[in-house]
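See structure below.
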Amino acid sequence: MTNPTTTGPALTDPARAHAAVPVAPVQMYQVSRHYGTGEARVQALTDVSVTFPAGSWTAVMGPSGSGKSTLLHCAAGLDRVTSGHVLLAGQDVTHATDATLTALRRRAVGFVFQNFNLIGSLTAEQNVALPLKLAGARPSRKDVRAALADVGLADRARHRPRELSGGQQQRVAIARAMVTRPSVLFADEPTGALDTGSARTVLRLLRRMVDTAGQTVVMVTHDPVAAASADAVVFLSDGRVADRLIRPSAAQVAERLTRLEG
Ligand SMILES: Nc1ncnc2c1ncn2[C@@H]1O[C@H](COP(=O)(O)OP(=O)(O)OP(=O)(O)O)[C@@H](O)[C@H]1O
């Protein structure tokens, strides 16, 4: 038998990936996803193999309609793949039941969205406590306050979303996503609704989470500056991985994107 500690996972063999140490929080193998049938059929992803390693921040970019959201949703177990395999937090979720997926998402996955998606009638700390409640845990005020302190908002715990700036709301959303200590944080355009200064604060916060806590982040963005904050950028075009850049500058990202959009 092959020694799993000396042999990495074969890209095409998801079963063996379980034996690899450390396990990347998200692994996608030859994933395809189509919607509809006949003339209405849309091929959103074709043969996509990507791994998002532990403690890394990856940006996903590409022209409109290139499959970024579909990739994020398939990676997070929010959408089913047509073929291929998805491993989330080391678990093959390709054929998992909805109940298994929901439980795994609550335990292992955090989400941040462009429009924050906070509940307006709840205070910041009540919003942050929500995922713990949904997971059946009784949230401790200490954990909730610590999550808010991590994003620099300890003094805003009793504020409601309308009493916070956009950047502050996004930081509450990040605290809410992180309070369950997820294996992976998925961010869909997290700076898309923010001014430049607030965007920079959010990007610095994500950077610190990756560097100091070893958080894994997967972020869809249209913004080359945001993408250049990540460790790597995966470019999609027509549902396929068209390119990858490691630690690119914003100018390199913009140039590559322009070429794909051309
Ligand atoms: N539920 C669906 N039913 C049918 N087609 C879909 C569905 N979701 C996505 N698509 C199609 O799949 C393709 C990829 O869509 P997707 O939303 O993943 O692209 P995107 O890169 O995120 O786009 P954008 O940057 O505009 O948000 C598009 O052609 C889209 O119209």
Side-chain angles (χ1 to χ4, degrees), residues 2-33 44-62 66-96 101 104-105 107-112 177 181-188 190 206-207 209-211 213-221 226-248 253 256:
T2 316
N3 180 353
T5 58
T6 56
T7 311
L11 257 184
T12 51
D13 184 356
R16 285 183 54 207
H18 286 297
V21 177
V23 171
V26 186
Q27 302 167 67
M28 305 178 81
Y29 297 95
Q30 295 173 324
V31 165
S32 294
R33 175 64 163 116
L45 291 177
T46 306
D47 205 16
V48 169
S49 293
V50 281
T51 294
F52 301 110
S56 73
W57 178 3
T58 308
V60 179
M61 297 198 90
S66 59
K68 302 179 294 294
S69 297
T70 305
L71 184 145
L72 200 75
H73 293 163
C74 288
L78 286 169
D79 195 1
R80 302 282 181 173
V81 304
T82 307
S83 61
H85 288 267
V86 177
L87 278 79
L88 186 54
Q91 193 172 331
D92 191 334
V93 296
T94 316
H95 304 295
L101 271 178
L104 182 62
R105 276 201 307 271
R107 181 169 59 73
V109 173
F111 288 101
V112 178
R181 302 188 186 171
S183 304
V184 53
L185 176 68
F186 290 101
D188 197 352
L206 294 174
R207 183 78 260 161
M209 282 163 36
V210 174
D211 288 348
Q215 184 60 44
T216 306
V217 179
V218 179
M219 172 183 77
V220 165
T221 183
S229 303
D231 298 307
V233 184
V234 171
F235 293 88
L236 294 181
S237 176
D238 286 334
R240 294 176 186 271
V241 175
D243 213 342
R244 302 171 200 248
L245 291 176
I246 306 296
R247 291 238 169 221
V253 173
R256 208 58 64 99

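Residues take their numbers from the sequence shown, with the count starting at 1. All heavy atoms count here, side chains included; hydrogens, waters and symmetry mates do not.
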Find out whether [X] and [Y] are in side-chain contact, i.e. whether some heavy atom of one side chain is under 4.5 Å from a heavy atom of the other.
X	Y	result
Val234	Met61	no
Met209	Leu206	yes
Ser229	Arg207	no
Val217	Val184	no
His85	Asp92	yes
Leu104	Val109	no
Phe235	Leu245	yes

Over all atoms of both residues, closest heavy-atom pair of [X] and [Y]:
X	Y	result
Pro25	Ala54	CD-N, 3.4 Å
Thr82	Arg33	OG1-CA, 3.3 Å
Thr216	Pro53	CG2-O, 3.4 Å

Quick one: pull up [atom1] in [X] and [atom2] in [Y] and give me the separation to the nearest 0.5 Å.
X	Y	atom1	atom2	value
Asp243	Leu236	CG	CG	11.0 Å
Leu71	Phe186	CG	CZ	8.5 Å
Leu87	Thr94	CG	OG1	6.5 Å
Gln27	Phe52	CD	CZ	11.0 Å
Asp238	Thr46	CG	OG1	8.5 Å

Just do the salt bridge (charged side-chain N to carboxylate O under 4.0 Å, His left out) check on Arg240 and Asp47 with the steps written out, would you?
CA-CA 7 Å; Arg240 294 176 186 271; Asp47 205 16; 5.2 Å; no

Look at Arg247 together with Asp231 and state whether they make a salt bridge at an N to O cut-off of under 4.0 Å.
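Yes, charged N to carboxylate O under 4.0 Å.
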
